[in-house]
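We count residues from 1, following the sequence as given. Below, each value reflects all heavy atoms present in this structure, side chains not excepted, and no hydrogens, waters or symmetry copies.
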Amino acid sequence: MARNFTDDDRDKDVVTADGNRIGTVRNVDNDRATVDRDHDDDDGLTDKIKDMLGWGDDDSNEVRNEHVDSINDDEVRLRSSK
């Protein structure tokens, strides 16, 4: 589990464990981040990842820190869905 989200995490890319960009952090609230999805790049957003995150077909979804592998200066990397 990664650390809680902070204001510094806003506007970071959200990527899958394989490095596919799926969206951008719009807002944060401790252990949750609201993510605006990239519909142009839904190739990286497999049904398995959607199921892991509990995402439907909305434009904006939440990521909890329990789904995050790491956070660095540029991106939030999700755990593997395997």
Side-chain angles (χ1 to χ4, degrees):
M1 179 170 62
R3 64 164 170 76
N4 280 346
F5 293 100
T6 68
D7 287 338
D8 291 337
D9 297 325
R10 287 189 178 129
D11 299 321
K12 288 185 180 179
D13 291 340
V14 178
V15 299
T16 64
D18 297 328
N20 295 315
R21 185 177 186 275
I22 60 171
T24 306
V25 175
R26 178 173 40 96
N27 202 3
V28 296
D29 183 19
N30 291 320
D31 66 339
R32 294 182 178 159
T34 304
V35 176
D36 289 334
R37 285 188 22 207
D38 292 339
H39 287 286
D40 295 344
D41 195 20
D42 260 1
D43 295 340
L45 191 56
T46 64
D47 288 339
K48 197 171 192 178
I49 294 169
K50 284 185 192 178
D51 289 344
M52 177 185 83
L53 298 171
W55 286 9
D57 291 327
D58 299 332
D59 289 339
S60 181
N61 295 275
E62 283 190 344
V63 169
R64 286 180 258 150
N65 64 355
E66 66 194 53
H67 297 126
V68 175
D69 180 58
S70 63
I71 301 173
N72 64 32
D73 291 341
D74 301 315
E75 68 184 21
V76 174
R77 184 170 294 265
L78 300 177
R79 291 182 317 145
S80 174
S81 60
K82 297 174 185 174

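Taking a cutoff of 4.0 Å between a charged side-chain nitrogen and a carboxylate oxygen, D7 and R10 qualify as a salt bridge. The existence of a salt bridge linking D18 and R77 is excluded, since no basic side-chain nitrogen approaches an acidic carboxylate oxygen closer than 4.0 Å.
Atoms CG and CG, from D8 and D73 in turn, are 9.0 Å apart once rounded to the nearest 0.5 Å. To the nearest 0.5 Å, atom CZ of residue R37 and atom CZ of residue R26 are 13.0 Å apart. A distance of 9.5 Å separates OG1 in T34 from CZ in F5, rounded to the nearest 0.5 Å.
At least one donor-acceptor pair under 3.5 Å links the side chain of K12 to the backbone N or O of N72. The backbone N or O of R32 sits nowhere less than 3.5 Å from a side-chain atom of D29 that would complete a donor-acceptor pair.
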> Which is it for R79 and H67 under the side chain to side chain contact (heavy atoms under 4.5 Å, CB included) test, yes or no, and what are the steps along the way?
Replying inline: CA-CA 6 Å; R79 291 182 317 145; H67 297 126; 4.2 Å; yes
> Can you list the steps and then say if V68 with V63 is a side chain to side chain contact (heavy atoms under 4.5 Å, CB included)?
Replying inline: CA-CA 8 Å; V68 175; V63 169; 3.7 Å; yes
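Residues I22 and L78 are in side-chain contact: their nearest non-hydrogen atoms beyond the backbone lie under 4.5 Å apart. In this structure, the side chains of D13 and D74 stay at 4.5 Å or more apart for every pair of heavy atoms. Looking at heavy atoms from C-beta onward, V76 lies in side-chain contact with V25 at the 4.5 angstrom threshold.
Between the side chains of D31 and N4, no donor-acceptor pair is found at a separation under 3.5 Å. Side chain to side chain, N65 and R3 fail the donor-acceptor criterion of an N or O pair below 3.5 Å.
V15 and V35 sit in two unconnected hydrophobic clusters of ILVMFWY residues. Membership requires side-chain heavy atoms under 4.5 Å apart, directly or through other members.
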